[in-house]
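For reference, positions follow the sequence shown, starting with 1. Everything numeric in this text was worked out from a predicted model, so none of it was measured. Values below: all heavy atoms of this structure, side chains included; hydrogens, waters and symmetry mates excluded. Note that ligands are numbered from 1 as they come in the structure, with each ligand's atoms numbered from 1 the same way.
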Amino acid sequence: MQTVILPYGQLLLAVEALKSGEIVAFPTETVYGLGANAWDGAACLKIFEAKGRPADNPLIVHVLDEAGLLELTAGPLPDCARKLVAAFWPGPLTVVLEADRKVPAAVRGSLPTVAVRSPSHPVARRLIELLGAPVAAPSANRSGRPSPTRAQDVLEDLNGRLPYIIDGGDSPVGVESTIVDCSGGAPVLLRPGFIGRDVLQKVLGEPVLLAGKNTAHKAPGMKYTHYAPQAPVIWINMKDEQRTLQALDVLRKEYSRLALLAPESWQFYRTQAFRGIGQDVNAVAHGLFAGFRELDRTHPDAIAVVWQAEEGGVGLAVANRLGKAASRQVTE
Ligand code: TXA
Ligand code: MG
């Protein structure tokens with residue numbers, strides 16, 4: 001199959017493909033998604049095949065609004081979901097709720113629950129609207145690779161495995177949505193994302209538990225290796241600049257082709273390749289995956305990332321993705 005990158009003005013071709021049971025990639029404000037009609041179980045299975053995704057790792061369903069959510073879920077919305085939807089939709093927030101029985105098992109990874117979000121990206125919204133059905137879509141990368149934030153990244157991973165990639169430019173956020181499980185009693189943060197835990201707790205007026213730490217809840221996808229470029233990633237997670245410099249010197253001896261992903265202030269440091277990721281955490285979130293992919297194209301022996309972990313806002317998500325991508329971490 002030939003894969004064509006479509007300018008978003010030709011989105012109707014992608015809608016027709018979805019209607020006939022094909023999969024297509026499309027931009028969202030977080031990362032690019034690989035979508036299928038969520039009511040079409042056979043089409044959804046094609047997503048797993050194209051990505052090389054384990055069958056027990058369920059998909060996120062994309063809808064326009066709360067009415068779209070209610071078609072996918074059982075019973076009335078719990079308070080937690082109602083508040084989150086009111087505060088953050090459309091936007092990078094996914095809620096997990098008990099699924100309606102007509103949601104295909106492939107979408108749910110055979111769980112009794114379903115994950116749903118309403119994207120704010122105009123191209124994603126138009127796609128759902130013209131299809132007239134919810135769109136099930138995980139990130140449009142091969143399983144284990146960094147999520148794509150540009151049409152070209154999708155092509156790099158999935159060329160020949162789908163008919164169309166709709167080009168909507170750079171995904172503005174750059175990391176995936178925050179996932180909150182509202183299916184039990186207390187809300188649980190399954191995956192940190194652009195919307196931070198601090199803001200969630202403010203909106204909900206109660207503590208949000210962290211998956212794995214103080215609860216058994218989890219997103220099946222979080223157990224797999226993720227977000228890794230081809231070259232090993234070494235994360236230098238330190239405040240002290242002198243010690244960061246020393247750590248880099250050690251790595252440069254160890255790897256003759258070392259690439260560096262760091263705030264622009266590190267550009268003076270000589271490595272085989274350098275990419276700036278900005279000085280603040282929002283810029284880092286936006287540029288992290290694109291940076292991995294760009295440096296990987298220079299075929300380094302290793303990629304060193306200089307960034308000090310933060311807890312607030314999107315900081316938790318950046319630390320989570322970096323922690324998963326890194327084979328090694330250097331800390332104080
Ligand atoms: O921003 C995003 O969320 C992007 C865009 C395309 O919307 N999507 C995305 O999907 O990142 P991805 O590839 O991360 O896969 C969905 C994640 C997995 O970690 C999966 O385990 C979790 O959501 N998930 C899906 N359904 C779930 C459920 N019923 N219960 C718990 N976790 C679920
Ligand atoms: Mg993914």
Nearest candidate to [atom], where distance is taken over non-hydrogen atoms, out of [options]:
atom: atom 2 (C) of ligand 1; options: Gly33, Ala136, Ser177, Gly174; value: Ser177
atom: atom 5 (C) of ligand 1; options: Val173, Thr30, Leu59; value: Thr30
atom: atom 4 (C) of ligand 1; options: Val31, Val107, Ile47, Leu93; value: Val31
atom: atom 15 (O) of ligand 1; options: Arg53, Arg191, His121; value: Arg53

Given Lys324, Arg321, Arg117, the one that forms salt bridge (charged side-chain N to carboxylate O under 4.0 Å, His left out) with Glu176: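 It is Arg321, the one option of Lys324, Arg321, Arg117 that forms the salt bridge (charged side-chain N to carboxylate O under 4.0 Å, His left out) with Glu176.
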Between the side chains of [X] and [Y], does any donor sit under 3.5 Å from an acceptor?
X: Tyr32; Y: Asp157; answer: no
X: Arg191; Y: Thr94; answer: no
X: Gln272; Y: Thr298; answer: yes

To the nearest 0.5 Å, atom CG of Asp296 lies from atom CG of Leu261 at 11.0 Å
Hey, is [X] touching ligand 1 through its side chain, its backbone, both or neither, going by heavy atoms under 4.0 Å?
X: Val96; answer: side chain
X: His62; answer: side chain
X: Glu29; answer: neither

To check your reading of the model: name the closest protein heavy atom to [atom], its residue, and the distance in Å.
atom: atom 9 (C) of ligand 1; value: Ser139 N, 3.6 Å
atom: atom 19 (O) of ligand 1; value: Gly221 CA, 3.5 Å
atom: atom 11 (O) of ligand 1; value: Glu176 CG, 3.1 Å
atom: atom 24 (N) of ligand 1; value: Pro58 CG, 3.8 Å
atom: atom 23 (O) of ligand 1; value: Ile179 CD1, 3.3 Å
atom: atom 29 (N) of ligand 1; value: Thr113 OG1, 3.0 Å

Heavy-atom closest pair (Pro163 atom, Met1 atom, distance to 0.1 Å) is N-SD, 3.3 Å
Stepwise side-chain hydrogen bond (donor to acceptor under 3.5 Å, both in side chains) test for Thr178 and Arg197: CA-CA 9 Å; Thr178 304; Arg197 190 183 182 197; over 6 Å; no
For the residue pair Tyr269 and Trp266, categorise the inter-ring angle as parallel (less than 30°), tilted (30 to 60°) or perpendicular (more than 60°). perpendicular
Under the rule for side chain to side chain contact (heavy atoms under 4.5 Å, CB included), what residues qualify as partners of Glu310, not counting sequence neighbours? Val281, Trp307
Under the side chain to side chain contact (heavy atoms under 4.5 Å, CB included) test, residues paired with Pro207 that sit two or more places apart: Gln201
Taking Asp240 for its side chain and Arg243 for its backbone only, find out whether a donor-acceptor pair lies under 3.5 Å. yes
Listing request: all disulfide (SG to SG under 2.5 Å) pairs with a residue in residues 26-104, at least two apart in sequence or in separate chains.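 Checked against disulfide (SG to SG under 2.5 Å) - neighbours excluded - the pairs reaching residues 26-104 are Cys80-Cys182.
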Please report the C-alpha distance between Glu129 and Arg126 in whole Å, then the side-chain angles of each, then the deciding distance to 0.1 Å, and finally whether the salt bridge (Lys or Arg N to Asp or Glu O under 4.0 Å) criterion is met. CA-CA 5 Å; Glu129 197 184 328; Arg126 192 86 183 116; 3.5 Å; yes
If I only include protein atoms of type N, O or S, how many are less than 2.8 Å from the Mg ion (ligand 2)? 1
Identify the residue among Thr3, Leu34, Asn141, Asp153 that makes a side chain to side chain contact (heavy atoms under 4.5 Å, CB included) with Leu158.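 Of all the options given, the one that passes is Leu34.
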Near Leu111, which atoms of ligand 1 are under 4.0 Å from a heavy atom of that residue?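 In order of number, 28 (C), 29 (N), 30 (N).
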Considering both backbone and side-chain atoms of Asn57, is one of its nitrogen or oxygen atoms within less than 3.5 Å of a nitrogen or oxygen in ligand 1? yes
Would Arg108 count as a contact of ligand 1 if the rule is a heavy atom under 4.0 Å away? no
Contact check, Pro92 vs ligand 1, heavy-atom distance below 4.0 Å: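 In this structure, Pro92 fails to qualify as a contact of ligand 1 - no heavy atom is under 4.0 Å.
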